[in-house]
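The block underneath contains the structure these notes are about, expressed in structure tokens.
Every chain is numbered from 1 and lettered A, B, ... according to where its sequence line falls, protein lines coming before strand lines. Owing to the predicted nature of the structure, the values given are computational and were not obtained by experimental measurement.
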2 protein chains.
Amino acid sequence: MGTRGLNRERLVEIAHDFVSANGLDALTMRRLAVAAHVTPGALYKHVHGKRDLQRAMADAVYATVDLSDIDLSTPTVDQVITCCARMREAMLRFRDGARIVAGSYSPFAATANIAGTLRALLQAVTAPQFDAGDIAYALRNYTTGFVIEEQAYLALKSTGEWEHLVEALEPDARDLPGGMSDAVVILTDDRDKRYLAGLIAILTGTVNTRLTEPG
Amino acid sequence: MGTRGLNRERLVEIAHDFVSANGLDALTMRRLAVAAHVTPGALYKHVHGKRDLQRAMADAVYATVDLSDIDLSTPTVDQVITCCARMREAMLRFRDGARIVAGSYSPFAATANIAGTLRALLQAVTAPQFDAGDIAYALRNYTTGFVIEEQAYLALKSTGEWEHLVEALEPDARDLPGGMSDAVVILTDDRDKRYLAGLIAILTGTVNTRLTEPG
DNA sequence: ACCTGAACACCGTTCAAGT
DNA sequence: ACCTGAACACCGTTCAAGT
């Protein structure tokens, strides 16, 4: 258990640390090798290649989702919301977390666990005219889509590129029926609130219980 | 107007043709140069770099969305659904279209136009307790998330990798509360129907009119 | 104005050879 | 079993020079 000798788990951890410091686009096998204090070739003893590495990174993101307080024997809409919010939090915890997760098809434990939990909860609370699997899938896709946009904004913001893009978009926004100003407002504004609003929009009407009343 | 002399528009077209044949991951500036019958350096007279190219490609995807039959003076939920479905169709028309579009923040005309149209339609049909901007944003994020997953599946399927991943995931799916089998079923099954189901889930309860009845 | 040629500082992956 | 060293066939981007 000494710090000598690399393994898959540790390599994924180093990769996430690197991305956290430099962004996903900067992650290369060679730079990862430097960060891991090995030669590039050594990486391929722990990981099949760059695609396999990214899949393992995706599972590591979902592995941070704590589902221990979710009680499957008493499913509620609030637990569904909690579950989705934790997915989003997990992705936000890692720089470019959503892009890492999106479309990587990690077939590992953590990914399967969260997908299964969400569906099991929904099976109990979805209204009869809807399919729990459809709703679970919609919630996951909404969440991923939302956080991709969110982290793209965060990335542009940190480099100052965001301000340039907003300026470049203003002229069009005038003679078009609304332009992209909604996205600008949503991202600039309280993103937690906006995410929750979308979540509630999906669940309202698809669920057999009354949602938490305002106030 | 002869075929001599490259321009930005033509370059984006060539890039999409290349991606259509080889996939987004295979697109490099050097290979694009070959496809365009120029030297790599020449590309930088038409495009600021690879990121700018991808933004232009994203706008080209949205430019294929035909909104001419959408009548903003008589907004309906059906028109909202049509609008979203056309977004999805546009992304599906291009290989890796969703990944190209996702988080690229194309501030160009076509992107702004579709976002604005969707919001304008929703302004008229959303129930009072919801914000039209939130719903429009949720619909766009759901759609992007869905198609990313869809095209990732299509890519894995075409290389035969999909079958391997499903096999690798089966053992876990047994002792977990549902595993990822929902995603497997949804993607294997009629994807158009699944997409529509999610769309309707979002709109049910958030909209001030009755949705089309079954049958 | 647009393009070439050449250069610069990099990539992912493989594999014989070492320990 | 894990790692090095070296090689192979590539990258994105810049820029003086040509036309």
Side-chain angles (χ1 to χ4, degrees), chain A residues 1-19 21-58 96 99-100 103-105 155-156 159-161 164, chain B residues 1-19 21-58 96 99-100 103-106 152 155-156 159-161 164:
Chain A
M1 234 188 233
T3 167
R4 278 294 110 215
L6 200 54
N7 58 19
R8 189 179 227 262
E9 205 179 49
R10 179 76 191 112
L11 191 59
V12 169
E13 201 178 308
I14 295 168
H16 268 304
D17 287 347
F18 184 92
V19 170
N22 307 102
L24 183 61
D25 292 334
L27 178 67
T28 67
M29 296 303 270
R30 294 183 110 103
R31 298 211 258 241
L32 179 59
V34 172
H37 304 295
V38 289
T39 274
L43 300 179
Y44 292 81
K45 290 284 155 188
H46 304 284
V47 125
H48 295 324
K50 213 188 176 187
R51 286 175 66 84
D52 181 44
L53 171 69
Q54 192 156 318
R55 255 195 283 267
M57 289 175 77
D96 295 323
R99 257 169 78 207
I100 290 168
S104 84
Y105 276 108
L156 291 171
T159 58
E161 266 182 280
H164 289 110
Chain B
M1 236 189 226
T3 167
R4 277 296 111 214
L6 201 54
N7 59 18
R8 189 178 226 261
E9 205 179 50
R10 178 77 191 112
L11 191 59
V12 169
E13 201 177 308
I14 295 168
H16 268 304
D17 287 348
F18 184 92
V19 170
N22 307 102
L24 183 61
D25 292 333
L27 178 67
T28 67
M29 295 304 268
R30 293 181 110 102
R31 298 212 259 243
L32 180 59
V34 172
H37 305 295
V38 288
T39 275
L43 300 179
Y44 292 81
K45 290 284 153 186
H46 304 284
V47 127
H48 295 325
K50 213 187 176 188
R51 288 174 64 86
D52 181 45
L53 171 71
Q54 193 156 315
R55 256 197 281 268
M57 289 175 77
D96 295 322
R99 257 169 79 208
I100 290 168
S104 84
Y105 276 107
S106 159
L156 291 171
T159 58
E161 266 181 282
H164 289 110

Check: side-chain contact (heavy atoms from CB on, under 4.5 Å) with B:Glu161: which residues, sequence neighbours excluded?
Finding: A:Arg51, A:Arg55, B:Leu156, B:Thr159
Next item on the list: Measure the distance from CZ on B:Arg10 to P on C:dC2 and round it to the nearest whole Å.
Entry: 16 Å
Margin query: Suppose we screen for side-chain hydrogen bond (donor to acceptor under 3.5 Å, both in side chains). Which residues come up paired with A:Asp17, at least two apart in sequence or across chains?
Written below: none
Next item on the list: Using Watson-Crick or G-U wobble pairs with both distances under 3.5 Å, give me DNA chain C in dot-bracket, 5' to 3', with [ ] for crossers and | for pairs to another strand.
Entry: ||.|||||...|||||.||
Next item on the list: Please identify each residue that fulfils side-chain hydrogen bond (donor to acceptor under 3.5 Å, both in side chains) with A:Asn22, with sequence neighbours left out.
Entry: none
Notebook entry, point to check: Where along nucleotides 14-19 of chain D does protein come under 4.0 Å, by heavy atom, of base (B) or sugar-phosphate alone (S), with - for untouched nucleotides?
Noted result: BB----
Notebook entry, point to check: Of the non-hydrogen atoms in A:Asn7 and A:His46, which two are nearest, and what is the gap between them?
Noted result: CA-ND1, 3.6 Å
Next item on the list: Tell me what A:Lys50 touches on the nucleic acid: a base, only sugar-phosphate, or nothing, going by heavy atoms under 4.0 Å.
Entry: sugar-phosphate
Checklist line | Of the listed nucleotides C:dC3, C:dG5, D:dC3, the one nearest the side chain of B:Thr39 | finding: C:dG5
Next item on the list: List for me each residue that meets ring-ring contact (aromatic ring centres under 6.0 Å, His included) alongside B:His16, sequence neighbours excluded, and say none if there are none.
Entry: B:Phe94
Note to self: Taking side-chain contact (heavy atoms from CB on, under 4.5 Å) as the definition, give me every residue that meets it alongside B:Thr28, ordered by chain and number, with sequence neighbours left out.
What the structure shows: B:Arg30, B:Arg31
Next item on the list: Report the distance from atom NE2 of A:His37 to atom P of D:dT4, rounded to the nearest whole Å.
Entry: 12 Å
Check: Roughly, in whole Å, what's the span from CG in A:Leu43 to C1' in D:dC2?
Finding: 12 Å
Note to self: In this structure, how many angstroms lie between the C1' atom of D:dC3 and the CG atom of A:Leu11, rounded?
What the structure shows: 14 Å
Notebook entry, point to check: Looking at A:Lys50 and B:Asp25, does any basic side-chain N land under 4.0 Å from a carboxylate oxygen?
Noted result: no
Margin query: Please tell me if B:His46 has a side-chain N or O lying less than 4.0 Å from either OP1 or OP2 of C:dC3.
Written below: yes
Notebook entry, point to check: B:Arg8 CZ to C:dC2 C1': how many Å, rounded?
Noted result: 16 Å
Checklist line | For A:Ala42, all residues meeting side-chain contact (heavy atoms from CB on, under 4.5 Å), sequence neighbours excluded | finding: A:Val38
Item checked: Heavy-atom donor-acceptor pair, A:Asp96 side chain to A:Leu24 backbone, under 3.5 Å -> yes
Next item on the list: Check side-chain contact (heavy atoms from CB on, under 4.5 Å) between B:Asp52 and all other residues, then give those that pass, not counting sequence neighbours.
Entry: B:Arg8, B:Val47, B:His48
Next item on the list: Rounded off to whole Å, could you give me the CG-to-P distance for the A:Asn7 and D:dC2 pair?
Entry: 9 Å
Notebook entry, point to check: Considering residues at least two apart in sequence or located in another chain, which fulfil the salt bridge (Lys or Arg N to Asp or Glu O under 4.0 Å) criterion with B:Glu9?
Noted result: none
Check: Heavy atom of residues 24-34 of chain A under 4.0 Å from DNA chain D: which residues?
Finding: A:Arg30
